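In each ligand, atom 1 is the first atom listed, and ligand 1 is the first ligand listed. Being a predicted model, the structure only gives us computed values, none of them experimental.
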Amino acid sequence: MYGASDPTAAERTAFRCAEKQYKLYKPLNLKGRSRSRSKPSGGEGGGADLSAVVDFHALLAADGELPAGIGRRDCAGFDRPVFCFLDRPGFYFIPGALSTAEQCCWIRESLKTFPQPPNRTNLTAIYGSISDLLIAAENQKILVEAENPDIQERNEQNNCGGKMEYKYFKFVDSESQKGEEHRSTAATTLVRKLRWSTLGLQFDWSKRNYDVSLPHNKIPDALASLAKKMAIPAMPSGEEFKPEAAIVNYYGPRDMLGGHVDDMEADWTKPIVSISLGCKCIFLLGGKTRDEVPTAMFLRSGDIVLMAGVARECFHGVPRIFTESDQQEISALISQLSSGDDVFILDYIKNSRININVRQVY
Ligand code: OGA
Ligand code: MN
């Protein structure tokens, strides 16, 4: 949209200004080669003015008159309160759609099973398929580069002189590597480096499309039925949402998702069902161009957002997640995870956010 002739134009848009207003961290000062941590922006303690951020939980609790531009919908066959913006048809907000137990279940799945092959993650391009990453992290394993036994066998069969053409990585006990010179990475570090995983039809980020030739499993039944149920407010009556793909985003304290439009699915009348887990964030919903001033709203663990129709064509993004200072926001989640043997997951989610967005591709 913004050509190379004016690379700064995108920086001046209303959407970009809102992102700057809300984001917690300034980018690292690369010019000065400073290696110090970036300081929170927006005044002391990163205290950006949050007074304009729409808080649907507060509206739900107040049960009074709604602010201008916000509506509440009662949907046949749907037993939860649903909010919408009158000028963004197709956008629906379902506050507290998931119980604490359901949130715990989806957080666990997001870390344990969703990154499992054949699902691809941002780590796949670097390390190839990695199985059981969460179990390896819980058991303090480390990932080391190794000779691929399959390739060795094949090379031997083909009489290739034992030359290894492909690298492969495997988890080993950290103890076993003491004194070894292999390049290694702790599994706990890798979980922190997880940025996305893809379920169902695999999305190819480099080509920005779905690559149906990539091996994939269908969307897990429990996630598909949750998405079908939650999509009801955004579906024509009698029609059922068909979950075919999902992108799972993992956000650490410094991560954000820049403004974008999800335009790779064939039918934009079908909603994206977007589930929030873990730390609270600010979500920006803009218009069809970056020049429209976006509306900011809080998204909390257990909230679900639907984007269909006109809202599918709107820029949106996540400029900020709230971690250290807002632990009371996820206190129910923390206490539920504390009671089990989920120490690693508890530690992870205290300063992370996970977003599962489920899509009908065709
Ligand atoms: C996306 C997206 C929003 C979120 O993955 O396309 O818009 O809440 N995610 O993380
Ligand atoms: Mn999106």
Side-chain angles (χ1 to χ4, degrees), residues 15 18-19 22-24 53-54 56 88 90-98 103 106-107 110-111 114-115 119-122 194-205 208-210 219 223 227 230-231 234 243-265 267-268 270-288 290 294-323 329-330 349 351-361:
F15 199 96
E19 287 178 326
Y22 289 116
K23 78 176 179 197
L24 183 58
V53 182
V54 177
F56 285 106
R88 294 277 178 267
F91 181 89
Y92 301 93
F93 195 112
I94 313 167
L98 300 180
Q103 293 166 42
W106 293 116
I107 291 168
S110 297
L111 292 171
F114 294 169
N119 296 344
R120 299 164 73 82
T121 77
N122 59 302
L194 203 54
R195 287 288 164 268
W196 53 263
S197 60
T198 40
L199 317 183
L201 285 178
Q202 297 291 293
F203 193 78
D204 183 334
W205 295 92
R208 276 192 54 74
N209 64 20
Y210 290 94
I219 295 277
L223 183 61
M230 292 297 165
E244 290 165 324
I247 297 173
V248 186
N249 296 300
Y250 305 84
Y251 298 85
R254 288 164 169 278
D255 297 323
M256 60 176 287
L257 180 66
H260 65 279
V261 176
D262 296 293
D263 51 6
M264 287 304 141
E265 293 76 26
D267 183 354
W268 290 14
K270 299 299 180 303
I272 289 181
V273 180
S274 183
I275 304 166
S276 287
L277 300 163
C279 290
K280 181 174 79 175
C281 76
I282 289 181
F283 180 81
L284 295 177
L285 177 68
K288 290 187 185 181
R290 288 181 203 268
T295 301
M297 67 200 88
F298 291 119
L299 272 181
R300 293 184 176 84
S301 198
D303 292 344
I304 290 185
V305 154
L306 309 175
M307 284 192 280
V310 172
R312 276 297 306 256
E313 301 173 55
C314 292
F315 278 88
H316 59 277
V318 177
R320 159 133 186 219
I321 81 154
F322 295 83
T323 53
E329 289 274 358
I330 52 168
I349 208 67
N351 50 31
S352 308
R353 171 175 184 264
I354 299 174
N355 165 252
I356 308 170
N357 58 86
V358 187
R359 295 143 189 253
Q360 175 166 341
V361 178

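- When the N, O or S atoms of H260 are ranked by distance to the Mn ion (ligand 2), NE2 comes first.
- The Mn ion (ligand 2) is closest to atom OD2 of D262 (considering only N, O or S atoms).
- Ring-plane geometry between F91 and F93 is classed as tilted, the angle between the planes lying from 30 to 60 degrees on a 0 to 90 degree scale.
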Does the pair R88 and V310 meet the rule for a side chain to side chain contact (heavy atoms under 4.5 Å, CB included), with working shown?
CA-CA 7 Å; R88 294 277 178 267; V310 172; 5.6 Å; no
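- With sequence neighbours excluded, the residues satisfying side-chain hydrogen bond (donor to acceptor under 3.5 Å, both in side chains) with Q202 are T198.
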Tabulate distances under 3.5 Å between N/O atoms of ligand 1 and N/O atoms of the protein, writing both atom names on each line.
unit_1	atom_1	unit_2	atom_2	d
ligand 1	5 (O)	N249	ND2	2.7
ligand 1	5 (O)	N357	ND2	3.0
ligand 1	6 (O)	H260	NE2	3.0
ligand 1	6 (O)	D262	OD1	3.1
ligand 1	6 (O)	D262	OD2	3.3
ligand 1	6 (O)	R359	NH2	3.2
ligand 1	7 (O)	H260	NE2	3.2
ligand 1	7 (O)	H316	NE2	3.0
ligand 1	8 (O)	R353	NH1	3.3
ligand 1	8 (O)	R353	NH2	2.8
ligand 1	8 (O)	N355	ND2	3.4
ligand 1	9 (N)	N355	OD1	3.2
ligand 1	10 (O)	Y251	OH	2.5
ligand 1	10 (O)	R353	NH1	2.9
ligand 1	10 (O)	N355	OD1	3.2

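- By the ring-ring contact (aromatic ring centres under 6.0 Å, His included) test, F15 pairs with no residue at all, sequence neighbours left out.
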Yes or no on side chain to side chain contact (heavy atoms under 4.5 Å, CB included) for R353 and S276, after CA distance, side-chain angles and deciding distance?
CA-CA 7 Å; R353 171 175 184 264; S276 287; 2.7 Å; yes
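- Annotation: side-chain hydrogen bond (donor to acceptor under 3.5 Å, both in side chains) contacts of N355 (sequence neighbours excluded): N249, S274, N357.
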Please test I275 against M230 for side chain to side chain contact (heavy atoms under 4.5 Å, CB included), starting from the C-alpha separation and ending with a verdict.
CA-CA 10 Å; I275 304 166; M230 292 297 165; over 6 Å; no
